[in-house]
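Side chains included, hydrogens not; waters and symmetry mates left out as well; all remaining heavy atoms used. Numbers restart at 1 for each chain; the letters A, B, ... are given by sequence-line order, proteins then strands.
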Amino acid sequence: MVQYDDILIRYGEMALKGKNRGMFEKQLADNIRRGIHDFPKAKVETAYGRMYVALNGEPYDGVAERIKKIFGITSLSPTKRVENFTLESIQEASLSLMKDIDPAPKTFKVEVKRTNKRFPHRSMEMNHLVGGFILKNMDGIKVDVHQPEVLLKVEIRNEGAFLTCVNVPGFGGLPVGTGGKAMLLLSGGIDSPVAGWLTMKRGMRIEGIHFESPPFTSERARQKVLDLAGIISEYGTGEMRVHMVPFTEIQTEIRQKCPEHYLITIMRRFMMRIAEAIAKKQKALALSTGESLGQVASQTIESMHTINNVTNYPILRPLVTMDKSEIMQIAHKIGTYETSILPFEDCCTIFVPKSPVTRPTVEKASEFERVLDIERLVQDAVERTEVVKASSKKEEQEQFDLF
Amino acid sequence: MVYLDNGATTAPYPEVVETMKEVLQTYYGNPSSLHHLGVQSEKVLKQSRELTAKFLEVSPGEIVFTSGATESNNTAIKGIAFQYQNRGKHIITSAVEHPAVLDVCKQLQDIFGVRLTVLPVDSKGMVRLDDLKQAITDETILVSIMFVNNEVGSIQPIQEIGNYLKSFPKIFFHVDAVQAFGKIPVKPETLGIDLLSLSAHKFHGPKGTGILYVRKGTQLTPLLVGGGQEAKFRPGTENLAGIVGMVKAMRLTQQKLKDQPDALKRMRNRLVEGLQGLEGCYINSPEEGAPHILNLSVPGVKSEVLLHSLEDKGIYVSTKSACSSKLDRPSRVLMEMGLGEERARSALRISLSYENTIDEMDYFITTMKQVVPQLKQMLN
Amino acid sequence: MVYLDNGATTAPYPEVVETMKEVLQTYYGNPSSLHHLGVQSEKVLKQSRELTAKFLEVSPGEIVFTSGATESNNTAIKGIAFQYQNRGKHIITSAVEHPAVLDVCKQLQDIFGVRLTVLPVDSKGMVRLDDLKQAITDETILVSIMFVNNEVGSIQPIQEIGNYLKSFPKIFFHVDAVQAFGKIPVKPETLGIDLLSLSAHKFHGPKGTGILYVRKGTQLTPLLVGGGQEAKFRPGTENLAGIVGMVKAMRLTQQKLKDQPDALKRMRNRLVEGLQGLEGCYINSPEEGAPHILNLSVPGVKSEVLLHSLEDKGIYVSTKSACSSKLDRPSRVLMEMGLGEERARSALRISLSYENTIDEMDYFITTMKQVVPQLKQMLN
Ligand SMILES: Cc1ncc(COP(=O)(O)O)c(C=O)c1O
Ligand SMILES: Cc1ncc(COP(=O)(O)O)c(C=O)c1O
């Protein structure tokens, strides 16, 4: 097992010119720092237009696991630093790196870059010296200069020689915190966390809004939502505020006073109104939802139109064109799936009408709603909303003083 | 707080906690060690075994200490299945067993080619002796039937089955008596039982300890293999603190059963009477069931919703067995009893212990009468 | 009292006892129950798992809580053997394993038709990588090698084996690390280990709790079947007090390893030096063995006799592994190391913990120098 010294971080520099760049880098460095807070010795460093994490003895695997999630990073590479400039130590280090690759590669290529001109061997010569050493000491491996499985890069600089041969892809995107704020309507299901994740991908900070209906929903359902928020926050700033909106009263009012087939439409219109009110308070400029077209009867374009009618806020629907299977794939990839499928009631599963309307209209919805004191209900729910901070940091969750 | 979830688990008696603390501090030597500390631990272990045997009216050599009923059940069922596979490969169990029996049998069926008969139950949740008689074949090596059902409290005809099986010396009889001990008399020998499982945390003992009674002469292919402890039926360094805690809990519980044999029954009767006036509330437990379990349904109100409404008032109950309660499925046991999906989806289990009081029953009744109509209104 | 039998078991830390008491009293709810008491217990359980994962530098989803290393070993070995039997039926282990590994493999051989290769060890008690290389066949599904031998302290070449096995993605690597945790770094992931067993009572935690690390993606046919707890790898109501006690003990022990990395080694060195002057006393442990175990022999003086003489002076040691110490046989491990029957019959195991002191070592040395000549004289 090779002990790596640094992790080199690459980000989409091309897209970033001018003064945005400094802000972008600072946010990315902050997000990485928060992501690896429990590896205290690891330090984020920016120098000469690149960013790297000095491991200082922390395990590469554990640190990389965290970093590779963070939006804004296109790829990363573990690097080995060789402090003395002897040919032998560079050869040995190169070999150990190659041997560490699992599964063992069949072809490779060496690429040496020498900026330290005092080093006696030139780049081209070094390519042969290093490559030859590896060929001699590893079975079943060949050089392929065109399409090598592994590209071993050796950079000989004044501070030392830096070796990398693994390139771990990141998720790309922009660092969370560089693109304004949206409020995410977060249920406990599969879709909304994925929608949140995709919203974050473009650099937006998000806060969650969750509708609770005790006693129909439980402590575990609430915890599940916070867990989900914690999981997706790992891709951004490491934490996320979730607004817990008490929704029982509104649901029962609708249930008792409005026609059953419009129940879901009206309920969702209330959710939008409340979300907008909270967004205003939190200075967010958009709402984000997990809706996709035609998934369930309530997600027709007519339905979307009718629900959208109560707000002027932009509603981001990152999943709108996706199939369920695509959404599930992402949920698996980002680690929310297992939590999403835990079977606790959420506010949308309690009152399920037998035949919900599939083509609701704005006119009808407004008319049915007239019996309700919309303003009071919304205001009351917003006032009683509780804000809870979800976090990927364990010590910020509820902890027991037992250990 | 009114804790009515004693079927899921119980709070350890304060005396149990104290005694465990003492064992942890004083008798930490390994019972297998040759020196004094080991000898002391071994003596404590021996006394624990003797007391357990006394409480169950069996011999000390027939007591195996385990890590709980799940392990006891697995050890018994797989132990017989592997040990006697040359005699036959047929096992009989019931449809209302705990997963720690039913799923063990199914695993044997799926992976090890055992043939399985799952006996149905009647509307009271009881197996019929006739069904059992018909199921027995030359190949049958084991019958595993629980004593008291954990969801509805039905008491199975263990004595009848035990008697009947006496004429089949080659068939072993295993009984999961987890919900029976301390509530009704449990005497494996007079009941004709060969193997019997108990779990300490169901009678105010610690979690992670249990008992397997193995009738003398019964061989088992050991499930766990290792250092040879527990007469090789269950090796591994003995959890002495847990064992002593369990034995203490057994003693205290048996004492309560003796001193107040009707206490549980009185509380349960109070519940039944008190709930009679509540519209739309049905009792699922058979009248002659175990005294500490009462299962009821309020059709139209999902179990989980009623549970959380009661929780708001400080009352803790469960929907079905604890370990399956996180799955959003109708109760399997109620379905098997033929009570229908609506009742199986709206079931609550109230489970009592000697620590509960009649006042708590009254509080529960009052609360139900308050909460249920509210919920019904909200849901209509 | 000078307790030098920490390889058999350790005294729980006072903090462990306290925290267990608190859990027993406060967090007795069943983690599977839906109400608040259950939720609280579930959260405590979750935190326990996260901490354990952190200590071992793995993910929480890879941690399974068990009732001890015997169960962990049985679960791992049988779980792989049954799950992957279609791939092959060959298992490799070593001659110096604890019975909770070796006898499990033998049971699989005797009853389930598994082919077993038992690797020999050299005079230091270590397996040779070359022997392992030669033993591997297309049929091999599991290699089970302990980390630190419990009788003599030899550290097996786990890293080398782990590295080597990386090129055999279809072979699983199980490590019984019971005697390693807290004494040397145990990081299953970097060592290339798929399954790893620990037992809490070997590092001042409670008896009856253990850990099985199961690398992500590894399937196991569950040994225990039941209510589905522990991701179905190990069902049964969780022993929360034991688990929390164990995690606390892990934390304290790791802290000691970090704060005083040489403490054990220094004590062991003192023993070695101090005993050099004692005629007829041979060290059986390899020099580069684990820092907490020192095995020695005084040929001509039977282990048991020396043990009891030391006991008279308040010193508690053991003859070999605790669980086999009641059998009057020469140490199997020493025989395998080729040390001969005479030394294998007169062996003592001194096993240390961070709670021991240099003064105690000196007392042990003095006592040995006093007792051994006396015994020799009496026996001549
Ligand atoms: C009837 C029955 N059998 C077995 C068990 C399993 O016991 P444990 O979880 O203690 O292993 C339980 C309770 O969970 C039970 O109620
Ligand atoms: C190496 C080794 N493996 C396994 C065990 C078994 O552990 P337990 O008895 O806690 O199950 C022990 C100790 O007894 C041991 O030393």
Give the member of Thr26(B), Leu24(B), Val317(B), Thr221(B) that has the highest number of heavy-atom pairs under 4.5 Å with chain C. Leu24(B)
Within the distance-only criterion (no hydrogens, no angle test), does the side chain of Asn30(B) pair as donor or acceptor with the backbone N or O of Thr9(C) below 3.5 angstrom? no
Please examine the side chains of Ser33(C) and Tyr316(B), heavy atoms only from C-beta on, and report whether any two atoms are closer than 4.5 Å. no
Would you call the rings of His35(C) and Tyr3(B) parallel, tilted or perpendicular, taking 30° and 60° as the class edges? perpendicular
Sort out for me which of Gly236(C), Gly208(C), Gly68(C), Ala11(C) touches chain B most, counting heavy-atom pairs under 4.5 Å. Ala11(C)
Indicate yes or no for a side-chain donor-acceptor contact from Glu71(B) to the backbone of Leu224(C) under 3.5 Å, with no hydrogens or angles considered. no
Would you mind telling me which of Leu307(C), Leu37(C), Thr75(C) has the largest number of heavy-atom pairs within less than 4.5 Å of chain B? Leu37(C)
Whether Phe112(B) and Phe82(C) hold their rings parallel, tilted or perpendicular, with breakpoints at 30° and 60°: perpendicular
Do Asn74(B) and Leu223(C) come close enough that some side-chain heavy atom pair is under 4.5 Å? no
Ignoring hydrogens and geometry, is there a side-chain-to-backbone donor-acceptor pair from Lys207(C) to Gly242(B) under 3.5 Å? no
pair Gln107(C)-Pro222(B): side-chain heavy atoms closer than 4.5 Å: yes
All salt bridge (Lys or Arg N to Asp or Glu O under 4.0 Å) counterparts of Lys21(C), not counting sequence neighbours: Glu18(B)
If I compare all heavy atoms of Ser67(B) with all of Ser67(C), which pair ends up nearest, and what's the gap? CB-CB, 3.5 Å
Could you walk me through whether His36(C) and Asp312(B) pass side chain to side chain contact (heavy atoms under 4.5 Å, CB included), step by step? CA-CA 10 Å; His36(C) 182 69; Asp312(B) 276 350; over 6 Å; no
With sequence neighbours left out, the residues meeting side chain to side chain contact (heavy atoms under 4.5 Å, CB included) with Leu252(B) are Tyr13(B), Glu15(B), Lys248(B)
Run the side chain to side chain contact (heavy atoms under 4.5 Å, CB included) test on Val225(C) and Lys78(B) for me, step by step, so that the C-alpha distance in whole Å, both residues' side-chain angles and the decisive distance to 0.1 Å come before the verdict. CA-CA 10 Å; Val225(C) 178; Lys78(B) 294 180 182 171; 3.8 Å; yes
Pick one of side chain, backbone, both or neither for Glu238(B), based on which atoms fall under 4.5 Å of a heavy atom in chain C. backbone
Part of Thr66(C) within contact of chain B (heavy atom distance under 4.5 Å): neither
